[in-house]
Number of protein chains: 2
Amino acid sequence: MTVSTMEAPAGKLIRPRVRLSVAQSLAQDIFSGKFAEGSNLPRENDLCEEYGVSRTVIREALKILQAKGLVVSRPRIGTIVCPQDEWNILDNQVLEWIGPNLDRMGLVDCILEARGAIEPMAAELAARRATMQEIADIEAAWQAMAKAGNDVEAFIAADTVFHELLLKASHNRIFQQFGALMDPALNFMLSTSAHSAENLEESIGQHGALVEALRLRDSEGARKLALALIAKAKHDVSAARSVKP
Amino acid sequence: MTVSTMEAPAGKLIRPRVRLSVAQSLAQDIFSGKFAEGSNLPRENDLCEEYGVSRTVIREALKILQAKGLVVSRPRIGTIVCPQDEWNILDNQVLEWIGPNLDRMGLVDCILEARGAIEPMAAELAARRATMQEIADIEAAWQAMAKAGNDVEAFIAADTVFHELLLKASHNRIFQQFGALMDPALNFMLSTSAHSAENLEESIGQHGALVEALRLRDSEGARKLALALIAKAKHDVSAARSVKP
DNA sequence: ATAGCATTATTTATCATACAAATGCAATTG
DNA sequence: CAATTGCATTTGTATGATAAATAATGCTAT
């Protein structure tokens with residue numbers, strides 16, 4: 001497959017910026033299993049032909065994958081896929097690239113479990129540390145959820161923002177990073193789980209209660225409500241799985 | 001500063017593999033504050049002269065930093081340092097590079113807080129899911145701690161392995177990744193906190209109790225003991241701070 | 001004068017090519 | 001048979017040229 005070229009107004013062929021496209025394509029081939037862990041990627045020169053770009057681009061793309069722990073390169077040996085343990089799955093770009101393979105790789109359950117540990121603590125901290133502005137922003141996200149109505153896409157987007165803001169309001173940079181990182185994962189999970197009308201209603205109610213706890217600086221209440229949110233998320237995901245596995 | 005060269009047996013000048021060295025050097029200059037967030041790095045050509053390497057190497061090093069969210073590059077603008085929010089601090093290489101600046105950046109407290117959320121949950125899961133072999137390995141690490149005696153270095157190494165194995169035994173890839181990631185941070189924190197004789201004794205006792213809980217599949221006990229370990233770590237760190245701030 | 005537009009200058013992005021270094025593999029040699 | 005030497009292959013680095021993007025500048029027209 002060669003990289004697409006675009007027609008400029010004057011009719012000149014323009015080559016789009018391609019480094020990231022190549023990196024993404026290679027990464028997705030890894031996550032899809034096309035390149036199994038431990039196996040060799042094609043030689044750099046072969047990749048040049050495959051993608052129709054210079055070796056410079058191929059190498060810089062491979063450097064990106066190396067930086068994320070997906071591959072290692074050595075002279076004469078070639079570039080080989082690292083064991084999964086070494087993949088930097090706490091990198092949001094990596095999570096984006098994994099995308100539809102999240103569940104197949106067993107990461108959805110991992111993520112829900114991890115959120116179960118992190119979000120309650122983050123909510124507790126947010127109840128103590130969040131500024132009035134941050135609480136107001138979270139409430140705005142909640143209102144966006146409530147106002148989404150049947151627009152599932154808008155609901156998901158608002159829900160994602162809600163959790164990201166909550167983690168940021170914990171004023172802990174680790175949790176905050178985790179929030180940005182959960183973005184693609186959340187989108188994927190939410191988009192695949194069931195969305196009945198009463199389901200959305202219940203979710204909106206829970207989120208609202210959490211906002212209220214933040215306002216009251218009720219850290220214990222916030223913790224419990226965050227825990228309940230995760231429990232509901234787990235339930236939704238397993239329900240969605242039983243419908244269409 | 002030019003990259004050092006080595007004298008080969010025959011007297012030929014050999015250039016060591018330098019990409020990573022350059023990336024590390026630039027990253028450390030960022031974390032030390034030499035390149036403030038939002039400011040420009042030198043032009044690629046200037047960096048070539050500074051490090052005495054070709055533009056190829058400079059660019060591939062910058063690609064690594066880009067992949068970790070430390071900088072962004074755009075034509076005509078140059079390469080600028082990203083805001084700290086975007087730094088990929090959940091990358092163990094980044095954490096290594098931060099090294100001595102961990103505390104100055106306020107990350108030690110963040111990490112302790114995050115561990116407070118994660119390790120109890122991980123211990124709980126490990127009590128349910130760990131294989132006999134994994135428990136044995138954890139116990140071996142504990143024995144190494146006990147046998148370290150006054151060798152603080154060995155004690156720290158064993159302690160690090162203990163926590164890494166514990167997180168791995170949770171059979172959750174997120175937690176596992178977090179363990180590998182904590183490695184450099186743990187080393188730094190442990191090496192800077194107080195190490196009196198009775199302190200070590202108490203720590204060894206707590207870790208031993210946790211191993212026992214794992215053996216008994218006592219998830220609730222494991223959770224509480226992990227929590228106590230973190231509390232002790234927090235205490236040690238603040239004690240070390242009050243001694244030599 | 002000023003808002004909008006074309007030009008320019010500067011910097012990164014890509015291409016192309018050549019050579020250096022590392023290393024698996026085979027031939028060679030003691 | 002073992003050790004070493006040389007060869008072949010692949011990534012690593014160097015170099016120089018061209019393309020694309022865009023801030024800054026200057027120009028034009030209103």
Side-chain angles (χ1 to χ4, degrees), chain A residues 2-26 35 38-67 70-82, chain B residues 1-26 35 38-67 69-82:
Chain A
T2 63
V3 170
S4 67
T5 52
M6 296 189 306
E7 196 79 12
K12 237 181 353 181
L13 279 183
I14 287 190
R15 200 178 297 274
R17 291 286 178 270
V18 286
R19 230 181 325 140
L20 250 166
S21 318
V22 173
Q24 169 169 344
S25 175
L26 289 173
F35 299 132
S39 70
N40 275 265
L41 263 61
R43 295 169 43 234
E44 290 178 354
N45 283 324
D46 291 342
L47 288 174
C48 292
E49 291 193 4
E50 218 174 303
Y51 284 94
V53 296
S54 74
R55 199 174 150 220
T56 307
V57 169
I58 294 294
R59 280 185 60 78
E60 293 189 355
L62 288 176
K63 291 297 154 298
I64 296 176
L65 300 191
Q66 284 180 35
L70 301 183
V71 300
V72 289
S73 298
R74 290 169 64 200
R76 161 81 211 205
I77 308 299
T79 302
I80 60 184
V81 180
C82 293
Chain B
M1 178 189 67
T2 63
V3 170
S4 67
T5 52
M6 297 189 307
E7 196 80 12
K12 235 181 355 181
L13 280 183
I14 288 190
R15 199 179 298 276
R17 289 286 179 269
V18 285
R19 231 181 320 135
L20 251 167
S21 317
V22 173
Q24 170 169 343
S25 175
L26 289 171
F35 300 132
S39 70
N40 274 266
L41 264 59
R43 295 169 42 232
E44 290 179 354
N45 283 324
D46 291 341
L47 289 174
C48 292
E49 292 192 4
E50 220 174 301
Y51 285 94
V53 296
S54 75
R55 201 171 148 226
T56 308
V57 169
I58 295 294
R59 280 186 60 77
E60 293 190 353
L62 289 176
K63 290 299 155 296
I64 295 175
L65 300 190
Q66 285 180 37
L70 300 183
V71 300
V72 289
S73 298
R74 292 169 62 198
R76 162 81 209 204
I77 308 299
T79 301
I80 61 184
V81 180
C82 292

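The chains referred to below are lettered A, B, ... by the order of the sequence lines, with proteins before strands, and numbering in each begins at 1. Small disclaimer: the values here were computed from a predicted structure and weren't measured.
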Visitor: Quick one: which of dG24(C), dT10(D), dA13(C) gets closest to the side chain of Glu44(B)?
Guide: dA13(C)
Visitor: Whole angstrom is fine here: how far is it from CG in Leu47(A) over to C1' in dT10(D)?
Guide: 12 Å
Visitor: Would you please test Gln66(A) and Glu60(B) for side-chain contact (heavy atoms from CB on, under 4.5 Å) and show each step?
Guide: CA-CA 11 Å; Gln66(A) 284 180 35; Glu60(B) 293 190 353; over 6 Å; no
Visitor: Taking atom C1' of dT11(D) as reference, at what distance in whole Å does atom CD of Glu60(A) sit?
Guide: 15 Å
Visitor: Could you report the tightest heavy-atom contact between Ser73(A) and Thr79(A), atom names first, then the distance?
Guide: OG-OG1, 2.7 Å
Visitor: Select one nucleotide: of dA9(C), dC15(C), dG12(D), the one nearest the side-chain heavy atoms of Arg76(B).
Guide: dA9(C)
Visitor: Measure the spacing between CG of Leu20(B) and CD1 of Ile64(B) and express it to the nearest 0.5 Å.
Guide: 5.0 Å
Visitor: When you measure from the side chain of Val57(A), which nucleotide among dT11(D), dC15(C), dG24(C) comes out closest?
Guide: dC15(C)
Visitor: Quick check: on DNA chain D, is the nucleotide nearest Ser54(B) upstream (toward 5') of the one nearest Leu41(A), or the reverse? Name the residue that is more 5'.
Guide: Leu41(A)
Visitor: Distance check needed: dT12(C) P versus Asp46(B) CG, whole Å only.
Guide: 9 Å
Visitor: Is any N or O donor-acceptor pair between the side chain of Arg74(A) and the base of dG12(D) shorter than 3.5 Å?
Guide: no
Visitor: Using the side-chain heavy atoms of Arg59(A), tell me which of these nucleotides is nearest: dG12(D), dG24(C), dT12(C).
Guide: dG12(D)
Visitor: Distance check: side-chain N/O of Arg19(B) vs OP1/OP2 of dG12(D), anything under 4.0 Å?
Guide: yes
Visitor: Whole angstrom is fine here: how far is it from CG in Leu62(B) over to P in dT11(C)?
Guide: 15 Å
Visitor: Choosing from dG12(D), dC15(C), dG24(C), which nucleotide comes nearest the side chain of Thr56(A)?
Guide: dC15(C)
Visitor: How long is the line joining CG of Asn45(A) and C1' of dC15(C), in whole Å?
Guide: 13 Å
Visitor: Hey, which of these two, Ile77(B) or Arg55(A), hits DNA chain C nearer its 5' end, going by closest nucleotide?
Guide: Ile77(B)
Visitor: Heavy atoms only: give me the nearest Asn40(A)-Phe35(A) pair and the separation to one decimal.
Guide: O-CD2, 4.5 Å
